[in-house]
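Lettering of chains follows the sequences in order, A, B, ..., and the numbering in each one begins at 1. All figures in this text were calculated on a predicted structure; none of them were measured in a lab.
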Amino acid sequence: MLQTFVQNILNALQWGSFYSLIALGYTLVYGVLLLINFAHGDVVMVGAYIAFFIASLLLGHYSFFPHALPGGVALVLTIILTMILTAAVGVSLERIAYRPLRRKGAHRLYVVITALMCGLILENGNLALLGASRKKFPEMVDKVVYNLGPISVTNLKIAVILAALLVFILLQFIVTRTKIGMAMRAISYDKFAVPLMGIPIDTVIVFTFILGSSMAGLAGILFALSYPILDPYMGLSIGWKAFIAAVVGGIGDIRGAFAGGFILGFVEIMVVAFFPSSYRDLFSFTILLLILTIRPTGLFGVPKTTKI
Amino acid sequence: MKQKLAVPVLLFALLAVVMTLVQFEVIDLYIQTIILFIGINIIISSSLNLVNGHMGEFSCGHAGFIAVGAYVSSVLSVALFAQDRIFGAPLLPPQYTVYAFPVILVIGGLAAAFAGLLVALPSFRTRGDYLAIITIAANYIIITVIINIDKIGGARGFMGMKRVVFAMEDTAAIPWMVLWVFLFTILSIIAIRRFVSSTYGKGIIAIQQDEVAAEIMSVNTNKMKLIAFMLSSGLAGIAGGLYAHVIGYVNPKSFDILKSTEALVMVYLGGMGSITGSILSAVLFTLLLELLRPLQIIKWIVIPLLLIILMQFRPEGIMGNRELVDIFPKLKKFYRFK
């Protein structure tokens with residue numbers, strides 16, 4: 001009993017890491033622009049597909065590049081390249097779709113709808129280009145199972161949890177300790193006064209999208225390594241759920257996104273461990289609804305004082 | 001006189017023409033279904049507009065309430081009027097269908113309105129984007145509950161509503177669904193219009209402008225929110241009941257977050273807080289979906305792309321927050337927005 005429980009905690013940590021990584025991307029963009037970037041879940045999906053193509057290329061699965069690299073080198077290269085390319089996808093979304101609207105001073109919710117539409121285009125564009133057949137992600141490193149008494153951990157699980165933790169520390173450092181992080185916080189505080197202080201607002205926003213989308217790329221690779229079947233709609237439900245996790249933590253707060261992701265992961269895994277799996281969404285969303293009813297601004301969110 | 005009669009006469013003429021065309025099979029079943037969908041989508045978009053446009057909240061779980069209405073009214077009508085595997089022989093003779101059907105739809109709407117409490121009660125304290133999450137969560141919760149009730153088909157879906165429609169047509173051979181969709185569309189638009197333009201209902205517009213100020217000005221914000229959410233979800237439930245009986249089959253998957261996205265698109269395409277805008281966008285969106293059907297999967301690239309382009313050139317939607325009479329003042333001769 002106890003060992004299943006500990007085993008499930010480890011599973012929950014891994015599952016929560018995915019939610020955290022994606023929720024961090026949501027919360028970064030929201031914290032700066034107050035924009036719910038609904039396309040983020042699909043950027044994760046794009047990241048996984050980019051990783052798939054790069055990995056297949058580097059492992060020599062395509063005939064025009066027959067030099068197979070060793071697994072470890074290929075993995076590192078795949079991670080770096082995927083993060084760069086996914087960041088490019090995120091930034092181009094910002095440049096093409098969101099920035100012109102922001103310039104026009106459109107209502108915030110119209111930008112949200114545009115984000116939703118961008119997500120639909122990414123999903124269905126993928127479906128139209130690559131077809132509905134699912135892709136099998138190649139195995140890049142050998143699976144190692146560590147046995148600590150009755151509990152077993154794979155190297156991949158450890159890597160995923162570590163990655164989420166490192167990303168959290170890195171982002172928390174960038175946002176709270178560096179100059180550009182200060183600029184990001186300043187923009188969310190007052191979007192109109194910041195350009196007057198000589199802060200290049202567009203550069204900061206692009207930087208935010210680079211950070212958020214590269215984390216989405218990382219989440220995409222790790223997700224594809226853990227669950228190696230790719231399909232165009234994989235980003236949909238995990239994206240929505242990660243957004244919910246970000247809000248439960250208190251959207252706009254890095255710690256909140258991190259904590260919210262793990263809470264959602266824990267609830268989902270524990271429900272599946274003790275109840276039929278079809279009850280998963282029911283329990284997890286009811287708990288989230290209760291959390292939000294009791295703490296209306298999430299766990300770490302601070303209620304804003306409204307002036308009239 | 002002209003002002004009073006123009007719109008009712010026009011609507012009555014429209015209904016008569018459509019009913020005659022359907023009755024004598026001038027238009028085929030496909031076009032008939034599209035016309036019915038237009039009506040249903042008008043209810044969906046204008047009811048969501050009540051919350052998202054007039055009240056200025058961001059509800060993105062409208063499909064959940066549509067699902068509640070669809071399931072409650074389908075189960076009721078099948079249990080009462082159709083031979084079914086689970087519910088057995090019909091409880092009432094088929095000639096009562098005609099009278100009972102609108103009642104069943106309204107009961108479905110009431111059930112959906114009570115499901116709306118799931119969102120309305122947290123909305124007293126939770127605001128803005130946090131409320132948006134509650135609506136998404138409510139959508140997921142409703143769908144999962146339906147999936148887990150095996151008695152109504154669970155994930156397999158529920159069917160048998162066509163038999164109820166046939167029972168109505170056996171009683172009197174006129175296109176009943178056209179009539180019901182038309183009537184309920186008109187009724188819900190009247191309800192929303194009267195509510196929004198009444199002195200009492202102006203409270204929700206006050207909430208949209210500034211919630212704190214509205215409260216200070218003695219608007220009972222909690223009560224207004226409760227009413228607006230329940231009215232909106234109740235009308236969505238009626239739309240769901242109609243949808244279920246037009247299609248003849250419901251499945252929890254067809255009420256997921258994508259359906260909610262469709263409803264959102266219709267609201268923001270038409271313009272926040274414009275009733276004529278939602279009607280217009282519901283008609284356009286439904287027609288667009290059908291016109292682009294031959295493109296298959298490309299359709300779902302073309303439509304979002306069109307919307308993004310539209311947003312770039314007209315970020316406030318087709319109508320903005322104006323009504324048709326604000327754009328064409330001459331129309332005031334024929335109808336009054338009051």
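- The candidate with the highest count of non-hydrogen atom pairs below 4.5 Å against chain A, out of B:T261, B:L305, B:I298, B:I257, is B:I257.
- For chain B, the option among A:T114, A:T293, A:I121 with the highest count of heavy-atom pairs below 4.5 Å is A:I121.
- Between chain A and the options B:V145, B:I134, B:N148, the largest number of non-hydrogen pairs under 4.5 Å is found for B:N148.
- For the set B:W300, B:Y140, B:F58, the count of heavy-atom pairs under 4.5 angstrom toward chain A peaks at B:Y140.
- Taking SG of A:C118 as the start and OH of A:Y98 as the end, the distance is 4.5 Å to the nearest 0.5 Å.
- The pair A:D231-A:K135 does not count as a salt bridge, with every side-chain nitrogen at least 4.0 angstrom from each carboxylate oxygen.
- Highest contact tally toward chain B, considering only A:L288, A:L34, A:I36, A:L236, is held by A:I36 [criterion: heavy-atom pairs under 4.5 Å].
- Note that CD1 of B:I143 is 7.5 Å distant from OG of B:S260, once rounded to the nearest 0.5 Å.
- Residue contact with chain B, scored on non-hydrogen atoms closer than 4.5 Å, involves the backbone of A:I96 exclusively.
- Electrostatic pairing of B:E316 and A:K104 does not count as a salt bridge here, judged by no charged N lying under 4.0 Å from a carboxylate O.
- Within the 4.5 angstrom heavy-atom criterion, only side-chain atoms of A:I113, from C-beta onward, approach chain B.
- Only the side chain of B:L258 comes within contact range of chain A, with at least one heavy atom under 4.5 Å from a heavy atom of that chain.
- Of the atoms belonging to A:V112, it is side-chain heavy atoms, and not backbone ones, that fall under 4.5 Å from chain B.
- When heavy atoms are compared at a cutoff of 4.5 Å, A:Y279 approaches chain B by way of both its backbone and its side chain.
- Rounded to the nearest 0.5 angstrom, B:L117 CG and B:S233 OG are separated by 7.5 Å.
- Contacts between A:S284 and chain B at a heavy-atom distance below 4.5 Å are absent for every atom of the residue.
- Of the two parts of A:R108, only the side chain, counted from C-beta on, holds a non-hydrogen atom closer than 4.5 Å to a non-hydrogen atom of chain B.
- Ion pair B:E290/B:K299 not flagged as a salt bridge, since none of the NZ, NE, NH1 or NH2 atoms sits closer than 4.0 Å to an Asp/Glu carboxylate oxygen.
- Once rounded to the nearest 0.5 Å, the distance linking CE of B:M272 with CE of B:M319 reads 15.5 Å.
- Not less than 6.0 angstrom separates the ring centroid of A:Y26 from the ring centroid of A:W240.
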